[in-house]
Each structure stands twice: as structure tokens, then as C-alpha cells.
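Here's the structure we're looking at; comments come further down.
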Protein chains: 2
Amino acid sequence: MKFSKKSEYALRALIELTGQYGQPPLQRHEIAKRQQIPIEFLEQILLTLKNAGLLGSRRGVTGGYSLIKPPQDITLGQVIRILDGPLAPIGCVSKTAYQKCSDCPYSEKKNCPIQNAMLGVRNAIADILDNYKLSDFASGHCKRAHA
Amino acid sequence: MKFSKKSEYALRALIELTGQYGQPPLQRHEIAKRQQIPIEFLEQILLTLKNAGLLGSRRGVTGGYSLIKPPQDITLGQVIRILDGPLAPIGCVSKTAYQKCSDCPYSEKKNCPIQNAMLGVRNAIADILDNYKLSDFASGHCKRAHA
DNA sequence: TAAAACTTGACTAATTCAGTTTAGAATGAA
DNA sequence: TTCATTCTAAACTGAATTAGTCAAGTTTTA
């Protein structure tokens, strides 16, 4: 049940880019230095975030990466799904990437105990991460979903 | 952020063993058949649960596995931790297996945004799974932690 | 005593993780 | 124009994990 290093690095990079929002782009080596991330690995991650539509980039001497949307329009849930896939701890309770379980004897019926339990877990995780905005995240405010 | 097949099979095996609590032990092939789990893999899992103190076993013709404690004294959190390790999505917010992050620039200070966010996630997961008893689980009651 | 059952440990194929390497294409300052 | 700087893209790698499988036991009891 761990998030990958990719997700962690992505979030750390996004903290830097949030601080830079509205200003000139930030270069990968600057992000790598500030957050102590191996630069080649960071590159891969920034590319993924760019292809997912979160970042824009510019090449050349004054180039770099920048947020394409305001930080309050991006949630941690979005970021983590891009890098680690669905939040659900088991395929049959995922809302964004549902997968029927093949072997479970309860599969077709509605009363699968595992599904009951895991749906609760997936909702709890999503409630937090899908309501946690990059703006709150970067500023250190621990905004709770329903507190 | 997925639970492993081991955890899933363990929970499914424990549903069967909960139904059998107080009666003669259940044999691995019977569990494997009812829950459609590869028997050699199931064996490995039952052994792990036994070594963790959740199950007892008896060899020989009338042998099998059985719960060693009443089903209301075992939580899903316990089971999953045995097979998949800590529930926390990142080492530095685990209560049962804390690990300092080595590279995070916030490491020593108390205001790490990642820690803030991930601690919320770990607590939400633990609140559910550590309050979900095997007895509720097997009977299909969706007992919520604070609902 | 032999079949049924658990025990242990080694083995393996496939996938994922965490990066590294290499080669290239765009930009803009000199 | 040229050249250093920056991003782009894809292949590659070593280690670890996952999901099983296999083989060779030991124990129990009908």
C-alpha cells in the first residue's frame, strides 16, 4: 500500500512549480536541486505530467516547466492517479479504472465482504486526495475534506 | 496503492475460517476449493498467518487450520499488515513501521506538506481497517469506524 | 502402516521500481 | 550562423516484488 517514489517526487516538484506560478518557467535542474531529486528521473516525471496536461514547457535558454492551470484547480488525487494509477486498493472498487474480479466467488452478487470493506477504504482515500488542492498543499495548509 | 493478492486471499480464507470458528479445523484444500485459491499459494499464506499467531493447525487425517482467537478480536488491519506491511502510503507517516525520509528537504522540520497530506490518508485507512472486525467482515456487515 | 494433512525451503517467470543512458530537436543569445 | 542551453523521447538496466510452483519432508490417526 505504498505510493511510488514517482508520485512523491511529482508532488515535491509541484510544490516548487506552485511557488513559481505566474512567473517565468522553472528549470528542471533548479527543481532537482531544491528538492534533491535525481535529475534524469525527474525529467521522466515532468514529461509524464506534461503529457497529462498539467504542465507546459519551453525549450532553450530561458526555458523550463510551468503549471498550465491555477494551483487551486489541481488536486493531489489527480497527480497521484497519473503516476500510480487508481487509488482503489483493489480493482473492483475503483471508480476511475474499474476491473471485475475474475476469481472471487462473490463476484456477481452484491454482498462481497471484500468489496464492502475496500470500497470504504477507496472512498476515504479519494475524499482526502480529491479535495486536497495543490494551492493548499504547497502552502502547508492541511485542508481536511469534511472536518 | 493496491493490496496484494496475498492479502486478498488471506481475507477470503479467513471468511471461511470465521464461519468454522468453534468447530473442527478446516482443511486447506477445502478452503482452496471454496474460495478458488491456488492451493500451494494458499498454504504459504496460511503458514504466514499461523506464524503471526492468528491461526492454529493440526496435522494428520483430521487436521486443518482454525482461528486461534475469536473473530471479533481480529481486525482487517492486523491481517493486511501481516501480509502487506504497514498501511501508511509513505514510510514517514507509519505508526507501526516509521521510517525517516532520507532525501526530503523538509525532513527535520515539522511542516512537510507531503507528511501532512499522507498522514491524513494513513489515518483514514487505519481508522477503517483497524476497526473492521473479522466477525463483521465475514457476516457482511459494513461496520463503519465513525459513521 | 499408509494415506491424509501440514511444513519448509528453494525455485521461477513476469512485472514493477527506480533510475541511467543515449540520441535528438528546439530556442535564443553572441 | 553557431553554439550552449534546455527540453523530448525512447531504450536500457539492476534489483526487488509478485504470484505462484515444486520437491522433499514430518506428523498424525484411522
Side-chain angles (χ1 to χ4, degrees), chain A residues 1-13 17 20 24-33 35-52 54-66 68 80 82-86 89-91 101-104, chain B residues 1-13 17 20 24-33 35-52 54-66 68 80 82-86 89-91 101-104:
Chain A
M1 277 296 284
K2 279 231 166 85
F3 289 128
S4 70
K5 222 65 179 143
K6 272 192 185 177
S7 275
E8 190 199 318
Y9 289 157
L11 292 176
R12 283 175 32 201
L17 288 166
Q20 191 74 8
L26 203 54
Q27 286 152 13
R28 48 180 199 156
H29 78 255
E30 184 60 27
I31 300 173
K33 201 182 72 182
Q35 289 287 340
Q36 311 215 73
I37 303 171
I39 191 164
E40 303 87 354
F41 194 34
L42 174 63
E43 211 161 72
Q44 223 181 88
I45 295 164
L46 293 172
L47 252 297
T48 304
L49 291 174
K50 188 200 160 175
N51 293 332
L54 262 59
L55 301 184
S57 66
R58 214 186 18 206
R59 301 200 218 199
V61 175
T62 58
Y65 292 90
S66 50
I68 240 176
I80 290 172
I82 290 167
L83 292 147
D84 274 1
I90 195 170
C101 3
S102 55
D103 53 358
C104 172
Chain B
M1 276 298 283
K2 281 233 165 82
F3 290 127
S4 69
K5 224 64 179 140
K6 271 193 185 176
S7 275
E8 190 198 318
Y9 289 157
L11 292 177
R12 280 169 42 196
L17 289 166
Q20 190 75 9
L26 203 55
Q27 285 153 14
R28 52 185 196 152
H29 78 256
E30 184 60 27
I31 301 174
K33 200 182 73 182
Q35 291 284 340
Q36 310 215 73
I37 303 170
I39 192 165
E40 304 87 353
F41 194 35
L42 174 63
E43 212 161 73
Q44 228 180 85
I45 295 164
L46 293 172
L47 250 300
T48 303
L49 292 174
K50 187 197 160 177
N51 292 333
L54 263 60
L55 301 183
S57 66
R58 213 181 23 203
R59 299 202 219 198
V61 176
T62 58
Y65 291 90
S66 50
I68 240 176
I80 290 172
I82 289 166
L83 293 147
D84 274 0
I90 196 171
C101 3
S102 55
D103 52 358
C104 172

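Heavy atoms only: backbone and side chains are in, while hydrogens, waters and symmetry mates are out. To find a chain, count down the sequence lines: A is the first, B the second, and so on, and within it residues start at 1.
Using a 4.5 Å heavy-atom threshold, the side chains of A:N51 and A:I82 count as separate.
Atom CD1 of A:I39 is separated from atom C1' of D:dA9 by 16 Å (rounded to the nearest Å). Spacing between atom CZ of A:R58 and atom C1' of C:dG28 amounts to 10 Å, rounded to whole angstrom units. Straight-line distance from the CG atom of B:N51 to the P atom of C:dT7: 8 Å, rounded to whole Å. Atom P of nucleotide C:dG9 and atom CD of B:Q44 are separated by 12 Å, given to the nearest angstrom. The distance between atom CG of B:D84 and atom P of D:dT18, rounded to the nearest whole Å, is 7 Å. When the C1' atom of C:dT7 is taken as reference, atom CG of B:L42 falls 14 Å away, rounded to whole Å. Atom-to-atom, NZ of A:K33 to P of D:dT6 comes out at 12 Å; the value is rounded to the nearest Å. When the P atom of C:dA18 is taken as reference, atom NZ of A:K6 falls 9 Å away, rounded to whole Å.
Closest of all the heavy-atom pairs between A:L83 and A:S7 is CB-OG, 3.7 Å. In terms of heavy atoms, B:M1 sits closest to A:P86 at CB-O, 4.3 Å. Taking both residues in full, the closest heavy atoms of A:R12 and A:I37 are given as NH2-CG1, 4.2 Å, listed atom of the first, atom of the second, then distance.
A donor-acceptor contact under 3.5 Å links the side chain of A:R59 to the base of C:dA25. Counting distance only, with no hydrogens placed and no angle test, the side-chain atoms of A:E30 and the base atoms of D:dT6 include no donor-acceptor pair under 3.5 Å.
Within the 4.0 angstrom heavy-atom criterion, only backbone atoms of the sugar-phosphate kind lie near A:Y9; the bases stay farther away. Across all strands, B:E40 comes closer than 4.0 Å to base atoms (heavy-atom distances).
With D:dA19, C:dT20, D:dT8 as the candidates, the nucleotide lying closest to the side chain of A:P38 is C:dT20. For B:Q27, whose side chain is taken as the heavy atoms from C-beta onward, the closest listed nucleotide among C:dA5, D:dG20, C:dT7 is C:dA5. Here the side chain of B:S57 is nearest to one of D:dT28, C:dT7, D:dT8, namely C:dT7.
Side-chain N/O atoms of B:T62 include none lying less than 4.0 angstrom from OP1 or OP2 on D:dT28. The phosphate of D:dT18 (OP1 or OP2) has no side-chain N or O of B:K2 nearer than 4.0 angstrom. Residue A:K50 places at least one side-chain N or O closer than 4.0 Å to OP1 or OP2 of D:dT8.
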Open item on the list: Set out, in order, the CA-CA distance, both residues' side-chain angles and the distance that settles side chain to side chain contact (heavy atoms under 4.5 Å, CB included) for B:Y65 and B:L47, then state yes or no.
Closed with: CA-CA 9 Å; B:Y65 291 90; B:L47 250 300; 3.3 Å; yes
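For B:L26 and A:F41, each mapped to the nucleotide of DNA chain C holding its nearest heavy atom, the one lying further toward the 5' end belongs to B:L26. Along DNA chain D, the nucleotide nearest to A:G63 and the one nearest to A:L47 differ in position, and the one closer to the 5' end is contacted by A:G63.
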